[in-house]
Each structure stands twice: as structure tokens, then as C-alpha cells.
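Report on one structure; see the data block that follows.
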2 protein chains.
Amino acid sequence: MDDVAAVAGVSRGTVSRVLNGGHNVSGPALEAVERAIRKTGYVVNQHARSLVTQRSDSVAFILSEPQDRLFEDPNFNNLLRGCTQILAEHDITLLLTVAGTSADRKRIGRWVTAGHVDGALVVSNHLGSPLLDELKGRGLPFVVCGRPLGHEREVSYVAADDRDGARQMVVHLRSRGYQRIGIITGPLDTSGGVDRLAGYRDVVGDVDPALIEAGDYSQASGEAAMERLLRAGPDLDAVFVCSDLMAAGAITYLQRIGKRVPDDIAIAGFDDSKVATTITPRLTTIRQPFGRVSQEMVRLLLAHIAGEQHAAVILPTELVIRESA
Amino acid sequence: MDDVAAVAGVSRGTVSRVLNGGHNVSGPALEAVERAIRKTGYVVNQHARSLVTQRSDSVAFILSEPQDRLFEDPNFNNLLRGCTQILAEHDITLLLTVAGTSADRKRIGRWVTAGHVDGALVVSNHLGSPLLDELKGRGLPFVVCGRPLGHEREVSYVAADDRDGARQMVVHLRSRGYQRIGIITGPLDTSGGVDRLAGYRDVVGDVDPALIEAGDYSQASGEAAMERLLRAGPDLDAVFVCSDLMAAGAITYLQRIGKRVPDDIAIAGFDDSKVATTITPRLTTIRQPFGRVSQEMVRLLLAHIAGEQHAAVILPTELVIRESA
DNA sequence: CTGAAAGCGCTTACAG
DNA sequence: CTGAAAGCGCTTACAG
């Protein structure tokens, strides 16, 4: 920076002003500095800048799932893409960190709170994970994707209306005449797991426990859960599967044992992710508004960084009817 | 830090020494400082530290591919996992950045060279991308995954022996009696694309151009290339497909039009990724040593950061025979 | 083993 | 509009 100032024939203060938008700088000075920057190939030292501004202009995208999940589940991809794009418009870099093990979560908690980032987007939070407490304790602004079980009134989050989506789906299945409707839920330590099950219960009422199985959102878990479900209740005529990926697994299993979907058993999904339209039969599912979720998460986070209080945003979900149910 | 020093009753210098390994610190002082750190909940400011040490203890994993590719292609997952793990052992954080568009590449080039990271792992570099020149110009240590076309003698890289792998596969196909062997290559602006094609040519010799089609490593491109290949040369009896994912696409297409694999057409893959054993028939393929690739990339990068010159590492590939060819 | 002090490379009131 | 100066929070010779 001293070099640039020397070459341009101005003070370092003026160089800094040019770097930060060029306010209060005369035309000739601005031009001289810009020329000098090009000539010297100068790049600001972000650490020095951040040390005084107390800002890093980057935020973390924390995925607290084993790394494989990130790659298997297209929802994360959707969210990541949306957030990156919107943040780029604000000239903020998004750093992806995968916290699969508890050792990872610890290292990343330290890293995040050491000032490397201005805030964090927390995706896929599980009940009992210490991450939220850690972030909260450090006073780092963050927003959670999905309802943060047990922290609803103290942290920002944006969630799709999982419960209502589940209700819509089960109502739809009923309207098609299905009587014995089973469910394959997500992990019951996540909001997507409990809320969709709650919506199902809202409609079905008193549920035969044999009709409920849990998966972990992976395709393999959908296959396994379908097998268990069928063994416990062979008279099922429909299953509400709480993610499209698990639904794909369930269909794979059914086809392998020679059952037709939806003729023998109807299968409904959740997410409206890519697999919903590539699989045969195409999935009847609940559309999650991932674009809006990303958008609202970023908006809330930036507001938070700017000093605003926390808030919750609930976005509507929508029934999409195709062939599978 | 002043707080910690005050609470512990020592100078900031001593606190700093404790933070950096506790050398040259007396037992009682060390203990007092550690107690004070716990009591105050102190966390170092990384920017201040980096400003003086000129190190950030983090490195970037730069994927210069559209984001979708990251999620579709399990090879990236493998590499990422390996690198993260090995770096964690050195207490270095890995930051993933996806540079899909040229605007992204520019922003990330700036970000990376602004001192945020000590070095970079560059994955999936395409011929003509300005990224390598940018990094080189800034003097940032980095190592490339795969042969960096046109930069072989000036940058560090680690690559699997693609050419030899391709040779092994084609020799195998020949030994099985296949006569008309086609190839679906990767993108011809990447080393994986050109080197595997070169290996194929090494064995086949003078090649009928109708036997060559290019894909982009995605499953969809494998399907499309298979269709073109069959139209141009209906008498094919085997195809060497330069990635397992594309091979899966090719098989999907063949099964859809009623051809049997390997009875009507044999299909060979490359990578030995997960899909190789989940698809029916299971793939005969070339195993890439991803674990060792990650390991060597990290080793080379750390050596580079420590001041060593660049180097190239070529790792052997291995034929894995299953049912598809 | 320990403290006082310089310095890392910036930004930003402040005075002009 | 501009420059001189203070200060951001650390680390690390240096002297003791």
C-alpha cells in the first residue's frame, strides 16, 4: 500500500479511500491511484483490513451432516446454490464447511467464532447438537434452516411449512381413496422429521404404530424402511415418504419384489427434487420453496449482522400431483 | 488478550507464548494463563494473528466446475473427503469454493490471493482457464489434481496414470475377443480426456473416427454419447467409457433399447466409483487411487507452503474385472 | 523464563 | 478533498 501511495504520489489514506469506494477523492487523485494499483499489482491484505473493520465479508455455510449426505441429497445442493448466488450479489463469499464428526464440529465452531466469518448459515441441525449454543454463546449472527428444535424463540430460522405440507399430502391420499396409509419419516431429531409426522397424525388421527417407520433421508434408508413397513403391515395401500430420495428407495424396493406403483401401493414423496421427475412413475410430492428459503436465510443473516433481532420465517409448501399417488 | 493477561497476572507476551505451544513458559504461569483463558472465554482473533504470522492455517479446495458437477460426481466427494481428513490432522481448515462461472473464478481468484488461505488445491482444471496463471502470478502455493495441460513443467500436480489405465483396459477388452471397440472420452480440454484417449490409441492403433465420441463425465452425456456411437457404428461390440458415471448412462441407454450388456455390447468404465458396484451388471473398470491422490496433494501443498519447489506425482491405476466387460 | 516494545497492513476520525 | 496519526489484536526478537 505504501508502494501504491508512493507511485500515485498521494498518502496511504487516499489510497485507502479509493479502495473503499472512492468517496471524498478528487478525479485526478482517483485516477492516479487506480493506475498505480494496476501498475504494482496491489491486492489488499484482508487480515489487516478485517482487523480494523472487524468484518470479513464472508459467511460460513455449515452443514452438520456427514459429508456423504451433502453429496447424496440434492436439497443441500439447491440451498447452497441459492445462498451462494444471493451472497455474491452482496459481494460476500460463502465458505462451505462440512461438520460430520463431533471433532469437526468443534474445530469449525472455533474457526467460525475466531472472526473468520461475519455470520453463519446452519443447515440440517440436529436436536442436541452443541453447535447452536456455541454460536449463540460467542454472539455470532447465524440463521438456521428448518425449525431449530428447542431453540425456536431465541434464534433466527427459516423453514418450509412441513406440517402443513404433510397434511396436504395425506388429505390428497385420502381423497384418492387410500385407506391404510403408512409413513416413512425423516430422522426424529430434526424438525423435518417430527413436523411431517405431526402433519400426518393431524389427518390420520389415531395411528397404528405398525404404519410408522423412520429413515435418515437417504435412498438406502427408504428401501430398508419400505421393507420393514411391508412386513409389519402387508395390507398397506399407500405410503407417505418424507423425502423424494427415500421415496425413490421405496419404489426401488417395491419394484424388486414385483409390486406395481401406484396400482398395488401408492407412494408419495416430499421435496419435489430432481429425482421426482426422473423416476418412473414420476412422484406425487410436496414442493419445498428452496429458492425462497435461500433468499430469506440470506436476508435474515445480513439483517442480523447489521444488528437486527432474530426472527422466524415460515414458507408455504405446495402439493404437486403426478403418477405415483 | 489484555483481559487474559490481567486475570493471569502476566504480560501479553506470556499469554501469546502459551497460545503458541507454551514453550519457554514456567509451569505456574502456564497454568494461570490457561485458567484465565477458560474464565474469560477468550478466543484469538485470527486476523490479528495472521497479520503478523502471514499465515492463515487454512487452504482452499477450488473446484472449477459448475456446482452441479460437484454433487453429481462422486470423485470430487472422494477427493474432498481425503483432503479434509489429512489437513485436519495438521490442524488446517479446508475451505471449499466452487468456481462455476468465470465471474466466480475471478472473485475466488481475488479472494484466494488476498491472504485468506496459505495455499490451494485445484481440482478439475480445464485447458485455457486463467486460474493457474492468476495463482502463479500471485505466488500462492498450489497443487493441481490431474495433469495441468500446458503447465506440466511449472506447477505441482498429482495425477493417476490415466494413459496406462486406458491401455490396460483396452488390452483387457482385446483379450476377451472384442474387435470393434469404441470409446466415450471425457472433455478433451482436460488431462483425463486426452490421456485416456491416448492410451486407447496406443493399443488400437489407427482408429476409425466413428468409434470416438466425447462426453463431459456426466451420466446424461454418457447416454447421449452411447446413442451417437451406436448410430455411427452399429457393429460395435465393446465400448471403453472414460468414467463410471458415463458408463452407467451408456448402460441405461442400451437397456432402454433392448441391448444386453455385456452379451450384445460390453461396457467398461473408469474410476471404480460407487456406481461401479451398484449398477447391474457391475462394471469392469479402472481403479483410481483417490486416497493416495488426496494424500499426495496435501503433502505436496504443505511442502510448497514450507518453501519447497514444485513436483509431479504420478500414481498407478489398476484394472478391476467384473461383469460388464 | 519474562516483559516492554516494535511492527504486521490496513481504516478512519480528526484537523485542516 | 487530503495527510498525519492513532489504533485494530496479535507475535516475536530483544534485553534482561
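Chain letters run A, B, ... following the sequence lines, proteins first, then strands; residues in each count from 1. FYI, side chains are in, hydrogens and waters are out, and symmetry mates aren't considered; it's all heavy atoms of this structure. The shown structure was predicted, so the numbers you read here are calculated from the model rather than taken from an experiment.
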- In Å and rounded to the nearest 0.5 Å, what is the CG to CG distance from A:D118 to A:L140? 8.0 Å
- Query: When you measure from the side chain of A:V52, which nucleotide among C:dT11, D:dA13, D:dC10 comes out closest?
  - Reply: C:dT11
- Base, sugar-phosphate, or nothing: which does A:D2 touch, judged by heavy atoms less than 4.0 Å apart? nothing
- Which is true for B:Q54 with a 4.0 Å heavy-atom rule: it touches a base, it touches only sugar-phosphate, or it touches nothing? sugar-phosphate
- Query: Just by distance, do the side chain of A:H310 and the backbone of A:R153 share a donor-acceptor pair under 3.5 Å?
  - Reply: yes
- May I ask you to say what B:N45 touches in the nucleic acid, namely base, sugar-phosphate or nothing, with a heavy-atom cut-off under 4.0 Å? sugar-phosphate
- Using modelled atom types only, decide if a donor and an acceptor are shared between the side chain of B:H304 and the backbone of B:E308 within a distance under 3.5 Å. yes
- Check every strand shown and say whether B:T14 touches a base, only sugar-phosphate, or nothing at a heavy-atom separation below 4.0 Å. sugar-phosphate
- Message: Reading DNA chain C from 5' onward, which residue's closest nucleotide shows up sooner: B:A29 or A:Y42?
- Response: B:A29
- Where the side chain of B:A48 is concerned, which of C:dT2, C:dT11, D:dC10 is the nearest nucleotide? D:dC10
- Query: Of the options A:L315, A:V293, A:D162, which is the one that meets A:Q288 in a side-chain contact (heavy atoms from CB on, under 4.5 Å)?
  - Reply: A:D162
- Complementary nucleotide for D:dA13 - Watson-Crick or wobble, under 3.5 Å: none
- Message: At less than 4.0 Å, is any side-chain N or O atom of A:S50 found next to OP1 or OP2 of C:dC10? Yes or no.
- Response: no
- Item | Euclidean distance, atom CG of residue A:N24 to atom C1' of C:dA15 [Å, nearest integer] | 14 Å
- With the side chain of B:R12 defined as its heavy atoms from C-beta on, choose the nearest nucleotide among C:dT2, D:dT2, D:dT11. D:dT11
- Note on the structure: Scanning all shown strands, the Watson-Crick or wobble mate of C:dA4 with both distances under 3.5 Å is none
- Message: What is the distance, to the nearest angstrom, from the CG atom on A:L51 to the C1' atom on D:dC8?
- Response: 4 Å
- Specify the separation, in whole Å, of atom CE of B:M1 and atom C1' of C:dA5. 13 Å
- Message: Quick check for you: among D:dA6, C:dG3, C:dC1, whose closest atom lies nearest to any side-chain atom of B:V10?
- Response: C:dG3
- Item | C:dG3 phosphate, OP1 or OP2, under 4.0 Å from B:S11 side-chain N/O | yes
- Message: Closer than 4.0 angstrom, basic N to acidic O: yes or no for B:E152 and B:R147?
- Response: yes
- Item | Gap between atoms CG and C1', on A:N20 and D:dT2 respectively (whole Å) | 16 Å
- What is the distance from NE2 of B:H23 to C1' of D:dT12, rounded to the nearest Å? 14 Å
- Task: Would you mind reading off the distance between B:L30 atom CG and C:dC1 atom C1', rounded to a whole angstrom?
- Result: 12 Å
- Heavy atoms under 4.0 Å, any strand shown: does B:S16 hit a base, just sugar-phosphate, or nothing? base
- Task: Over 60° means perpendicular and under 30° means parallel, so classify the ring planes of A:H116 and B:H47, tilted if in between.
- Result: perpendicular
- A:L19 has a side chain; which of D:dG9, C:dC1, C:dT11 sits nearest to it? C:dT11
- Query: Quick one: B:D57 CG to D:dT11 P, roughly how many Å, whole number?
  - Reply: 11 Å
- Query: C:dT11 P sits how many Å from A:R17 CZ, rounded?
  - Reply: 11 Å
- Task: Could you give the distance separating C:dT12 and C:dG16 at their C1' atoms, to the nearest angstrom?
- Result: 16 Å
